[in-house]
Amino acid sequence: MSVAPRTPPAKRDWSWRSQAFRGLLYQIIAVVIIGGVAWWLATNTAENMRVRGIKSGFDFLTQPAGFDIGESLSKFDSNDPYWKAFLIGVSNTLRVAILGIILTTILGTLIGVGRFSRNGLVRGLCQAYVELFRNVPVLLQLLMWYLLFTEFLPDVTEAKRIGDIYLSKGGITFPKPIWETGHLFGVAGLLAGCVVAWFYRRWARSKFEATGQVRSMFWVPVAIVFALGVLGWLVGGAPSQFAVPAKGEFAVEGGGALTPEFMAVLLGLTLYTAAFVAEVVRSGISSVARGQSEAAQALGLSKGQEMQQVLLPQALRVIIPPMTNQFLNLTKNSSLAVAIGYPDVVSISNTALNQTGRAVECIALIMLVYLTTSLLTSFFMNWYNAKSAIKER
Amino acid sequence: MNEATDNIIVFDKVNKWYGNNFHVLRDINLNVRRGERIVVCGPSGSGKSTLIRCINRLEEHQEGHLIVDGTELTDDVKAIDKIRKEVGMVFQQFNLFPHLTVLENLTLSPMYVGKMPKKEAEEKAMTQLKRVRIAEQAGKYPLQLSGGQQQRVAIARALCLTPKIMLFDEPTSALDPEMIKEVLDVMVEMANQGITMICVTHEMGFAKAVADRVIFMDQGQIVEQNTPHEFFNNPQTDRSKDFLSKILGH
Ligand SMILES: Nc1ncnc2c1ncn2[C@@H]1O[C@H](COP(=O)(O)OP(=O)(O)OP(=O)(O)O)[C@@H](O)[C@H]1O
Ligand SMILES: [Mg+2]
């Protein structure tokens, strides 16, 4: 049978009633309406502010802030300008959000998979966790952790000492390695380890395909990274100076520290969101048709192979969109940190707003920050989602 | 050869319940000879699927003994793994893995369970795909195929482990009439190559063409068993007469 190849005919001309034309028309109308509303809001606000003599503009950003920030990654004092304060707020927000997202994904996935355990106790505990943490308002949970840290830990002057770690109302203080150039070798070693581990995984994969021999795809690469990191550190002269905290008269001094505010926010958001992530993972896995699991078993796959090769890849496409929501929720909920005095971007903008009276500008900045992070998260997750989509006709 | 080794599957007084009070298999006694081709039929809900799913332990029985190729099926994980390598299964709903291509569907188990090199697994997969006359679809995803093609891929997938026993659970009842034929053709070909087959189906033409024995089940019991010729022309019990008049009646 041979049929002469044919290409599809060219699309017919547009008409008033064609779908394509209608679609375009509605889009234009929508853009015009939205643009009009935005313009009206902007001019109206500007006019009102002018009439009432409210100063506007972002010039205040370069003026000295005049307040201290309790917690920051880089040094900040009250003579530094507002824009720097904002940046520190943003970095504090991102620090909590990124760490929180990583931790909540791990914890939530474990609990979600745990709901399918053959062990009744594990199933029960996972369910109890979900019910407990998702049904208590997150603000309350943050306050509770903060209260626990600040009420029940000893005063700073009587900090509890475990080895070189101090525990007190001031948070956890721990020994911190003092940075030396020798550490650079360690870092270089870690990076080299990552590259080698990547090649190892490729080699292991091709070995598996060539001989059917399964090699560790996780622990061996981890060991490689670790070993090369240590090697680099040794080559760099094994710098092992630590800044060890010591109890001063009024405070524990030196070393690294985690404040109770930071820990309360991180812990509260992670535990709360993990309950939702667990539900997302659970529903994702149970959305995969029962027959898939039976087919995998009939083919002799082990429980682990069934999860890895058959259930999770299919569950993923159901999991990712609601997972994105949870990541965004966590990021946005971090603004509740203001309630316990963690200097996130909302808290700092709030102070700035009170001092300068530039309400519109400060709110706009907060919105810009959340919008940017949220959109970036969404873009990344959409890309990942498209990658793991299933091909149908 | 003595009887024990000649029987590849032995059901000895097997009983099974769903929950505490639904007795789905009652005192099943059944010996399947090596290379025998058996068709199981009976009214809906009579326990046909449950019966064959016990053979590769997708369901577990609670009483009696079930011995497959010399290994008794118990809680023992090793035994279950061994049996599942020797028993292929084809489902009514195909149950292909939609996130893998046709070829990957076929190589998954040989590579991960059979520890076979990828190349070898792929060659073997292509042989099976040719056997079910669908080699040109190897790179497609299952949902891009028609029902009949999907079921043929499912048969090829089950064959990739070189099973000694093939189980079919109503392999054609989700298909349109024209596709039924293409699937049955493949099954008839398989039957002629000497593999042990147990097939739940109401395709009487298929039963007549290939089955050595027809087993009729009702309410969890094997009510009657006979050669296809005898069973269809001369049913012994009221229940099988009633059943046959229903499926042949229109
Ligand atoms: N997991 C289960 N839990 C409880 N009851 C079940 C379960 N699976 C099947 N049953 C019941 O057991 C009985 C036998 O089911 P089975 O699927 O073996 O019947 P069948 O003969 O294959 O029927 P059909 O021809 O409709 O496929 C039915 O009444 C069914 O409702
Ligand atoms: Mg059935």
Side-chain angles (χ1 to χ4, degrees), chain A residues 1-3 118-119 201-218 284-320 384-393, chain B residues 49 52-53 55-59 77 80-102 104-122 139-146 154 157-161 163 166-167 169 174:
Chain A
M1 254 190 316
S2 82
V3 185
R118 268 182 268 185
N119 183 329
R201 277 178 59 103
R202 262 184 49 157
W203 173 81
R205 175 91 211 155
S206 70
K207 208 73 191 156
F208 166 66
E209 286 174 357
T211 64
Q213 222 83 86
V214 183
R215 270 160 228 274
S216 162
M217 294 297 262
F218 181 72
I285 293 175
S286 52
S287 79
V288 179
R290 211 184 130 68
Q292 293 290 309
S293 165
E294 287 178 354
Q297 287 173 31
L299 285 170
L301 298 187
S302 70
K303 269 268 166 222
Q305 290 168 335
E306 176 190 333
M307 202 35 110
Q308 253 184 42
Q309 306 293 333
V310 176
L311 297 186
L312 279 181
Q314 292 186 63
L316 220 48
R317 85 209 139 109
V318 182
I319 289 176
I320 292 170
Y384 190 58
N385 197 24
K387 226 180 72 155
S388 56
I390 288 181
K391 284 209 184 55
E392 297 183 23
R393 315 167 190 235
Chain B
S49 301
I52 66 166
R53 289 156 59 88
I55 297 172
N56 62 353
R57 199 123 171 135
L58 287 184
E59 303 286 355
V77 188
I80 298 175
D81 283 348
K82 171 177 173 277
I83 300 295
R84 284 183 178 162
K85 273 184 228 174
E86 295 180 2
V87 180
M89 184 156 191
V90 175
F91 301 86
Q92 182 174 0
Q93 302 297 339
F94 327 139
N95 294 346
L96 294 173
F97 304 132
H99 60 298
L100 301 176
T101 63
V102 166
E104 287 163 348
N105 262 278
L106 268 68
T107 54
L108 184 70
S109 180
M111 281 171 65
Y112 283 90
V113 182
K115 307 258 172 278
M116 195 185 278
K118 187 178 184 187
K119 244 186 127 155
E120 198 183 323
E122 282 180 347
K140 283 202 187 163
Y141 285 87
L143 295 178
Q144 297 172 319
L145 304 181
S146 76
R157 179 175 72 177
L159 287 174
C160 271
L161 279 178
M166 279 290 282
L167 308 174
D169 192 356

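Being a predicted model, the structure only gives us computed values, none of them experimental. Chain A is the first sequence line, chain B the second, and so forth, proteins listed ahead of strands; every chain is numbered from 1.
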For this session: Search all heavy atoms of A:Leu299 against all heavy atoms of B:Ser109 and return the closest pair with its distance.
Result: O-OG, 2.8 Å
For this session: Might you point out which heavy atoms bring A:Ala210 and B:Pro117 nearest each other, and give the distance in Å?
Result: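 Smallest interatomic distance, heavy atoms only, reads O-CB, 2.6 Å.
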Exercise. Are the charged groups of A:Glu294 and B:Arg53 less than 4.0 angstrom apart, N to O?
Worked result: yes
Determine the option with the most heavy-atom pairs under 4.5 angstrom with chain A, choosing from [options].
options	value
B:Met89, B:Met111, B:Arg57, B:Glu120	B:Met111
B:Lys82, B:Arg84, B:Lys119	B:Arg84
B:Lys115, B:Lys140, B:Glu122	B:Lys115

For this session: Below 4.5 Å from any heavy atom of chain B, which atoms of A:Gln305 appear? Answer side chain, backbone, both or neither.
Result: side chain
Problem set entry | Interface moiety of A:Ala289 toward chain B, non-hydrogen atoms closer than 4.5 Å |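 Neither the backbone nor the side chain of A:Ala289 comes within 4.5 Å of chain B.
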Can you give me every donor-acceptor pair (side chain of residues 90-97 of chain B, partner residue at least two apart or in another chain, under 3.5 Å) with its distance?
unit_1  : atom_1 : unit_2   : atom_2 : d
B:Gln92 : NE2    : B:Ser173 : OG     : 3.3
B:Asn95 : ND2    : A:Gly291 : O      : 3.3

For this session: Measure the shortest side-chain to side-chain distance between B:Pro98 and A:Gln292 over non-hydrogen atoms and say whether it is less than 4.5 angstrom.
Result: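 Result yes, sub-4.5 Å side-chain heavy-atom pair found.
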Problem set entry | Side chain, backbone, both or neither of B:Lys85 within contact of chain A (heavy atoms, under 4.5 Å) |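 Neither part.
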Exercise. Where does B:Met116 contact chain A at under 4.5 Å (heavy atoms): side chain, backbone, both or neither?
Worked result: backbone
For this session: Between chain B and each of A:Ser302, A:Ala296, A:Ala295, count heavy-atom pairs under 4.5 Å; write down the option with the most.
Result: A:Ala295
Exercise. Does the pair A:Gln309 and B:Leu108 meet the rule for a side-chain contact (heavy atoms from CB on, under 4.5 Å), with working shown?
Worked result: CA-CA 9 Å; A:Gln309 306 293 333; B:Leu108 184 70; 4.1 Å; yes
Problem set entry | Set of side chain to side chain donor-acceptor pair (under 3.5 Å) partners for A:Ser293, sequence neighbours left out | A:Gln297, A:Glu306
